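Take a look at the structure set out below.
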Amino acid sequence: MKSKKMWVIVIICVMNIYADEWQQTGNLNTGRYVAQAILLDNGKVLITGGNHGGNSCEIYDPSTGTWTYAASMAQARWYHAMVKLQNGKILVIGGDDTLVGMQSLKSCEIYDPNTNTWTLTDSLNRARIEPSAVVLQNGKVLVTGGMDGLTPVPECEIYDPQTGTWSYTSPYPSGRFGHTLTLLPNGNVLSTGGTTLYSGPADTRIYEVSTGTWRTTGELNVKRDHHTATTLDNGKILVVGGM
């Protein structure tokens, strides 16, 4: 049986909204996929991990269109989650060890853009590959779903940056991954879609921050997972694509 070749894209393009066209910009130093990228407070972009990326990280400078290596994470990972905390630091959550197949991770790390350093923080209570995460209005972080090995995770957790600790909150009725979390204007969180490995849930749920509980809301018209959810200026949520 012939082995499958795996291609990793390093070419990057940016959209010029004024000219309504795409332009090629600087290439990554390391090709990577299922990495995570996030906008820093200084306008630069941090990208972390990914397959072939290991524990390496890079920073994109839009003023020069170039990538430079940043400090490396302690743990090689892909299929992880990443959010920006209210203090501008970056929290990386769980994922899969790129050096060991299907090795769900509990470990979490914090990146400080001011010092270009990573610090390990409290580990998740439940290891999870491909979790979803969102920063709440109170500065805490809600993490839901993912897989522990091949088992979808129903448990949900809250990270408190003040104490650097994780604690359980109300779980989903069933585990899922490939779903989205969107912060609503009222401070609650909308969860859409996802899959349980066997089917993609059409249901959407709302996490009530004041009570720490989930409630159902209207179903999606189409079952989907690995889609995107974007908040529009009018407060509505646009859900696009997926499987």
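Please read all numbers here as calculations on a predicted model, not as lab measurements.
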Is the Trp78 ring parallel, tilted or perpendicular to the Tyr33 ring (thresholds 30°, 60°)?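 Judged by the thresholds at 30° and 60°, the geometry between Trp78 and Tyr33 is perpendicular.
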Applying the side-chain contact (heavy atoms from CB on, under 4.5 Å) test to Val141, which of Leu136, Ile158, Val135 qualifies?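 Option passing the side-chain contact (heavy atoms from CB on, under 4.5 Å) with Val141: Val135.
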Considering the options Thr48, Ile47, Val83, which one meets the side-chain contact (heavy atoms from CB on, under 4.5 Å) requirement together with Gln36?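 Among Thr48, Ile47, Val83, the one meeting side-chain contact (heavy atoms from CB on, under 4.5 Å) with Gln36 is Thr48.
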Between the side chain of [X] and the main-chain N/O of [Y], is any donor-acceptor distance below 3.5 Å?
X      : Y      : answer
Arg205 : Pro173 : no
Arg224 : Gly194 : no
Gln86  : Gln137 : yes
Asp96  : Gln103 : yes
Glu157 : Leu142 : no
Trp118 : Ala74  : no
Asn55  : Ala76  : no
Thr98  : Asn51  : no
Thr204 : Gly218 : yes
Arg77  : Gly94  : yes

Six-ring centre of Tyr172, Arg176 cation under 6.0 angstrom, axis tolerance 45°: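 Yes - Arg176 lies over the ring of Tyr172, closer than 6.0 Å to its centre and within 45° of its axis.
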Could you tell me whether Arg128 and Glu155 have a side-chain N and a carboxylate O separated by less than 4.0 Å?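 Not counted as a salt bridge, because no side-chain N and carboxylate O are separated by less than 4.0 Å.
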Please evaluate residues Tyr69 and Thr30 with respect to the criterion side chain to side chain donor-acceptor pair (under 3.5 Å), reporting the C-alpha separation (whole Å), side-chain torsions for both, the decisive distance (0.1 Å), and the verdict. CA-CA 9 Å; Tyr69 281 114; Thr30 299; 2.4 Å; yes
For Glu208, enumerate each residue passing the salt bridge (Lys or Arg N to Asp or Glu O under 4.0 Å) test, keeping only those at least two apart in sequence or located in another chain.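 For Glu208 the salt bridge (Lys or Arg N to Asp or Glu O under 4.0 Å) partners, ignoring immediate neighbours, are Arg215.
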Considering residues at least two apart in sequence or located in another chain, which fulfil the salt bridge (Lys or Arg N to Asp or Glu O under 4.0 Å) criterion with Asp41?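 With sequence neighbours excluded, Asp41 shows a salt bridge (Lys or Arg N to Asp or Glu O under 4.0 Å) to Lys84, given in chain and number order.
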Would you please test Arg32 and Glu58 for side chain to side chain contact (heavy atoms under 4.5 Å, CB included) and show each step? CA-CA 11 Å; Arg32 57 188 80 220; Glu58 301 186 44; 2.8 Å; yes
Hydrogens and angles aside, do [X] and [Y] bring a side-chain donor and acceptor to less than 3.5 Å of each other?
X      : Y      : result
Thr25  : Tyr60  : yes
Thr180 : Thr192 : yes
Glu130 : His80  : no

Answer yes or no: does atom CG of Asn221 have more than 12 heavy-atom neighbours from other residues, nucleotides or ligands under 6.0 Å?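 It does not: Asn221 CG has 12 such atoms or fewer within range.
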Does atom CG of Asn234 have more than 12 heavy-atom neighbours from other groups under 6.0 Å away?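 Result for CG/Asn234: enclosed.
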Determine, using the 4.5 Å side-chain heavy-atom cutoff (strictly less than), whether [X] and [Y] are members of one ILVMFWY cluster.
X      : Y      : answer
Val143 : Tyr159 : yes
Val134 : Leu190 : no
Tyr111 : Leu85  : no

Qualifying residues under side-chain hydrogen bond (donor to acceptor under 3.5 Å, both in side chains), relative to Asp160, sequence neighbours excluded: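 Partners of Asp160 under the side-chain hydrogen bond (donor to acceptor under 3.5 Å, both in side chains) test: none.
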Which heavy atom of Cys156 sits nearest to which heavy atom of Pro171, and what is that distance?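 In this case the closest contact between Cys156 and Pro171 is SG-CA, 4.1 Å.
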